[in-house]
*Asks:* 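A single structure is presented below for examination.
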Amino acid sequence: MIKVDISNVWGEIALPDLLTMEKEVAAAHATLADGTGAGNDFLGWQNLPTRTPGEEVRRIQAAAQKIRSDSDVFVVVGIGGSYLGPRAAIELLQGANYNLMKGKGNPQVFFVGNGLSTRYWNDLCKLLEGKDFSIAIISKSGTTTEPAIATRALRWMLERKYGTDGARSRIYAITDPCKGALRQMATEEGWESFVIPPDVGGRFSVLTAVGLLPLAVAGIDIEEMLSGAMDAKEAYDLRSFENPVWLYAAVRNLLYRNGKAIELFESFEPGFKMFGGWWQQLFGESEGKDGKGLFPVTAEFTADLHSLGQMIQQGKRNIFETMVRFDAPEQKYTIGSDYKNLDGLNYLEGKTLDFVDEKAFLGTLAAHVDGGVPVITMDCGELNDRKVGELFYFLELSCGVSAYILGVNPFNQPGVEFYKRNMFQLLGKPGYEKN
Ligand code: PA5
């Protein structure tokens, strides 16, 4: 189980406060599990964990095998919930520089359609020159502007390079089973396709083909990941404060009620940054509505201690932190001796980098708590494919419970449409003309 330690929040909240929340948390958990709350037509994510992969997972594995054998690069097109999950898991498990370590039989994985930058697009075109590549188009609606523009361009690039038939065998669509523009394109063009179930929202879709196909192409064991999620589904159904989901959901709501406005979700692993981005969307889109919600921000330590550290330590006291920890890897780096010792580091001779990292963590924790910033710690244990599956499900469940405690529908995102409406009007999209 992931261990949630709340011993560093007691300066801000008291045990009786937590205990009085028991009924509220139990009710929120039951609302989610029984499907009786707002947004209950989007609870399909609870059925995604499995120990016995079905036909869809087998097809994903076969497609990934083909892509690994015929492509130097796999380009994944998508945005938001159709993008963050796979990138988060790849970077967490394989490091932020994962693409530099790829070679024949192990394609580089690049993401596009998650913005509108021409510079980013030009760079991608350059790196695709002379490379064999395949693409996955991920869009539940099939009409999102950013991925639609990238899809059109990449599809033409593939057709120019491989001809219509050759291109067809290198395009994979991941979308709604029945409706939407992408489903129609996949059917008309004969692209292999995978399904985002209608009852699974974008930010809860990482354990569908949305996450599983890119992850399998990256060489991650998706069966292990799904089993890890199943471990979580079983373990975190516990209905008491022994459940770390309860602790996390209850404490973040208590801190919010006590005036905290920002949750910093951080780790001492650089590969965690995109995972923090996935968490940001999960909690931000699920809770930020009806004038409520904690503002979710992610940070990377120790790097950001040299940028955000001052603000965390002595800025406005409206922040709390959630620090995520993983066991140190088996392969160690030991600090050596230097006979001149001009940098004064010889006092660390023979110590491992992990040892220094651990002290940095403990030092940071104590400093921030002393500075009036409550800190929740999440100890995840060993970092592996299975654990990441567990962590995904753990956080999805925590998010659902937390949002119901907050009193909002965790599964809609009406606010996301506002910028789109303005953009479409400015672009002159038919149906969006100014009156
Ligand atoms: O969580 C969500 O629903 C959103 O972030 C969507 O995933 C995002 O807007 C992309 O939508 P689509 O998959 O329809 O292209």
Side-chain angles (χ1 to χ4, degrees), residues 38-46 48 75-89 111-116 135-155 171-186 191 193-215 274-289 293 296 298 392-393 395-400 402-403 408-424 427 429:
N40 59 2
D41 42 349
F42 282 97
L43 294 173
W45 55 274
Q46 296 180 106
L48 298 173
V75 184
V76 180
V77 183
I79 194 166
S82 294
Y83 151 65
L84 287 160
R87 186 158 177 193
F111 293 87
V112 71
N114 53 353
L116 294 164
I135 67 170
I137 310 157
I138 310 181
S139 178
K140 190 168 179 198
S141 62
T143 52
T144 309
T145 310
E146 294 91 332
I149 292 173
T151 297
R152 210 179 246 212
L154 283 165
R155 180 187 166 183
I171 302 177
Y172 301 84
I174 302 174
T175 190
D176 186 275
C178 310
K179 58 182 202 299
L182 183 54
R183 171 54 55 198
Q184 191 184 347
M185 281 164 88
W191 299 336
S193 67
F194 300 97
V195 160
I196 310 175
D199 59 354
V200 177
R203 59 189 172 277
F204 289 84
S205 68
V206 63
L207 297 174
T208 69
V210 169
L212 298 180
L213 181 62
L215 294 177
M274 286 306 302
F275 197 91
W278 172 83
W279 168 90
Q280 246 172 214
Q281 188 203 4
L282 182 67
F283 279 82
E285 259 187 18
S286 299
E287 293 195 322
K289 51 197 72 155
T298 191
F392 274 133
Y393 194 86
L395 289 168
E396 288 173 352
L397 183 60
S398 300
C399 179
S402 179
V408 297
N409 175 353
F411 304 112
N412 64 0
Q413 55 284 326
V416 180
E417 295 310 310
F418 285 71
Y419 98 91
K420 291 188 193 168
R421 215 174 300 148
N422 290 346
M423 177 176 79
F424 291 153
L427 288 169
K429 183 172 178 170

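Note that ligands are numbered from 1 as they come in the structure, with each ligand's atoms numbered from 1 the same way. Heads up: numbering here begins at 1 and tracks the sequence. Keep in mind that the numbers below use all heavy atoms, side chains included, and drop hydrogens, waters and symmetry copies.
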*Asks:* Is it true that S205 and T208 share a donor-acceptor pair across their side chains at a distance under 3.5 Å?
*Replies:*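 Judged by distance alone, the side chains do not pair up.
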
*Asks:* Could you work out, with side-chain hydrogen bond (donor to acceptor under 3.5 Å, both in side chains) as the rule, every residue matching R155, not counting sequence neighbours?
*Replies:*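 By the side-chain hydrogen bond (donor to acceptor under 3.5 Å, both in side chains) rule, R155 matches E159, E189.
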
*Asks:* List for me each residue that meets side-chain hydrogen bond (donor to acceptor under 3.5 Å, both in side chains) alongside W278, sequence neighbours excluded, and say none if there are none.
*Replies:*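 Listed in chain order: nothing, the list is empty.
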
*Asks:* Would you please test F411 and W45 for side chain to side chain contact (heavy atoms under 4.5 Å, CB included) and show each step?
*Replies:* CA-CA 11 Å; F411 304 112; W45 55 274; 3.4 Å; yes

*Asks:* Does NZ or CZ of R421 come closer than 6.0 Å to the centre of the six-membered ring of F418, within 45° of the ring's axis?
*Replies:*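 Ring-cation test returns yes.
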
*Asks:* Under the salt bridge (charged side-chain N to carboxylate O under 4.0 Å, His left out) definition, can you give me all pairs with a residue in residues 202-212, not counting sequence neighbours?
*Replies:*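 Qualifying pairs, neighbours excluded: R203-E285.
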
*Asks:* Let me know which protein residues bring a heavy atom to under 4.0 Å of ligand 1; chain then number is fine for ordering.
*Replies:*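 Those residues closer than 4.0 Å to ligand 1 by some heavy atom are I79, G80, G81, S82, S139, K140, S141, T144, G202, R203, Q281, E285, Q413.
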
